[in-house]
Amino acid sequence: MNISLDGVSFAYPSGVMALLEVSLEIASGEAVAIIGENGAGKTTLARHLNGLLKPATGGVAIGEWDTRRVSVAKLAARVGYVFQNPDDQLFERTVAAEVGFGPRNLGIPLADAAHAVHNALRRVGLAEQADQHPYDLHISQRKLVALAAALAMNTPIVVLDEPTTGQDAGGVELVGQIVDELKAERRTVIAITHDIDFCAEHFERVVVMAEGRILADGPAARTLSQVEALAQAEVEPPQMIRLARALGMDHAPLTVEEFVDDFAARSAARSESGPKVHGLSGSTPNDSSVSRADSTSGPE
């Protein structure tokens, strides 16, 4: 299910212009990260995808649906949205009821909805907390409840707003695993994130935004190497790219594994092309060196 933004502009009632003629095409099954400083327009753009915001000018299409002509409730069948702050969307008395709210409202049969809830909670590691009140959980777990609620709806598009915020290393790894699973299922995944290393490791395409405009858009390795665009967006390149540059490497590795492979290949190439160290190549000393050694030796 393709996504299309065509010349979208949007201003808040305060007069702040959050989006300025933004055009963006996202094909079905793509994994796209949108990065930029606070106030860049990332979340405003994302909230246009499920109809929470409507463009002042331009248009947004989810498949063949124009978001200005379709209700938020109807769009929820196509776009699962996980808020940055889970407290903005959690309201049921139990975790299971919260995760089951979407499937119930989509009219999914009871048995199928129960299976979807159990499967979603298992994926986020909260199956044992199904009967707890969401607000008895730590905020990092509440964020996973919100993610499970989106997963249970089985929408073709999933939008994640700052999915790793507040998560420890294990939580970040879990969210990354879920993103990879969604990609394997050919579902469209869009993440709004400040976590550039997470972005580099799990997203093939990166969009850079600043002041309501798109500054760069393309494959992650290329986009995350565009120094000027990242500087304008007040974003640092991923740590692996920074390390590669410091070592004079030409390639832009996005993960530790890529960096190690590239560094090993570079070291091997330099070793093969560099001068041979005397005595390590299997050669024997020449006559002149023997003569010098003999002439400098002392009397017996």
Side-chain angles (χ1 to χ4, degrees), residues 1-8 10 19 21-35 41-55 57-84 89 99-109 112-113 115-117 119-120 123-124 146-163 175-193 199 202-207 209 214 217-220 223:
M1 186 166 297
N2 297 337
I3 297 170
S4 176
L5 287 84
D6 183 15
V8 173
F10 179 83
L19 294 177
E21 299 182 354
V22 171
S23 293
L24 182 66
E25 301 287 335
I26 298 176
S28 180
E30 276 198 281
V32 181
I34 304 176
I35 64 174
K42 307 183 303 298
T43 295
T44 300
L45 185 155
R47 291 188 177 186
H48 276 75
L49 302 181
N50 66 348
L52 287 176
L53 298 176
K54 310 290 186 182
T57 60
V60 179
I62 307 298
E64 75 282 8
W65 290 355
D66 184 335
T67 60
R68 290 170 298 190
R69 296 178 173 85
V70 180
S71 68
V72 173
K74 189 173 181 180
L75 281 166
R78 293 190 173 184
V79 183
Y81 193 106
V82 182
F83 285 67
Q84 178 177 354
Q89 67 185 101
V99 176
F101 178 82
R104 291 195 306 273
N105 278 271
L106 291 178
I108 295 175
D112 292 339
H115 176 74
V117 169
N119 186 51
R123 291 176 76 172
V124 301
L147 175 55
L151 296 176
M153 295 178 69
N154 198 33
T155 55
I157 300 167
V158 180
V159 180
L160 309 172
D161 196 344
E162 298 293 352
V175 173
Q177 176 183 323
I178 291 171
V179 168
D180 292 341
E181 290 172 355
L182 293 172
K183 288 158 51 180
E185 295 166 8
R186 299 302 300 157
R187 292 160 76 177
T188 304
V189 188
I190 301 168
I192 311 301
T193 183
C199 157
H202 297 284
F203 291 86
E204 288 74 36
R205 178 181 171 191
V206 175
V207 176
M209 293 189 67
I214 292 177
D217 177 9
T223 304

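Every heavy atom of this structure was used, including side-chain atoms; hydrogens, water molecules and symmetry mates were not.
- The two atoms that bring Pro103 and Ala152 nearest to each other are CG-O, 3.6 Å, heavy atoms only.
- A distance-only check finds a donor-acceptor pair linking the side chain of Asn105 to the backbone of Phe101 [under 3.5 Å].
- The distance from atom CD1 of Ile26 to atom CD1 of Ile34, rounded to the nearest 0.5 Å, is 5.5 Å.
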Passes salt bridge (Lys or Arg N to Asp or Glu O under 4.0 Å), Arg78 versus Glu64? Steps please.
CA-CA 11 Å; Arg78 293 190 173 184; Glu64 75 282 8; 3.0 Å; yes
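- Residues Val179 and Phe203 form a side-chain contact, since some pair of their non-hydrogen atoms from C-beta on lies under 4.5 Å apart.
- Between the side chain of Asn2 and the backbone N or O of Ser28 there is at least one donor-acceptor pair closer than 3.5 Å.
- Partners of Ala150 under the side-chain contact (heavy atoms from CB on, under 4.5 Å) rule, at least two apart in sequence or in another chain, are Val82.
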Would you please test Glu30 and Thr188 for side-chain hydrogen bond (donor to acceptor under 3.5 Å, both in side chains) and show each step?
CA-CA 5 Å; Glu30 276 198 281; Thr188 304; over 6 Å; no
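- In this structure, the ring-ring contact (aromatic ring centres under 6.0 Å, His included) partners of Tyr81, at least two apart in sequence or on a different chain, are Phe83.
- Residues Asp217 and Thr223 form no side-chain contact, since every pair of their non-hydrogen atoms from C-beta on lies 4.5 Å or further apart.
- Nearest approach of Leu45 to Leu5, heavy atoms of both residues: CG-CD2, 3.9 Å.
- Between the side chain of Thr67 and the main chain of Gly51, no donor-acceptor pair closer than 3.5 Å is present.
- Ile157 has its side chain out of reach of Leu49: every pair of non-hydrogen atoms, C-beta onward, lies at least 4.5 Å apart.
- In this structure, Arg187 contributes its side chain and Thr155 its backbone to a donor-acceptor pair below 3.5 Å.
- Shortest non-hydrogen contact noted between Thr193 and Cys199 is CG2-CB, 4.0 Å.
- Around atom CD of Glu181, more than 12 heavy atoms belonging to other residues, nucleotides or ligands sit under 6.0 Å away.
- Two residues are said to be in side-chain contact when any heavy atoms from C-beta on lie closer than 4.5 Å; Met153 and Ile108 fail this criterion.
- When atom types are taken as modelled, the side chain of Ser23 and the backbone of Gly7 share a donor-acceptor pair closer than 3.5 angstrom.
- Here the side chains of His48 and Leu19 are in contact, with some heavy-atom distance below 4.5 Å.
- Across Val117 and Gly100, no two heavy atoms sit closer than the pair CG2-CA, 3.4 Å.
- Minimum interatomic distance between Ala120 and Val99 (heavy atoms only, all atoms of both residues): CB-CG1, 4.1 Å.
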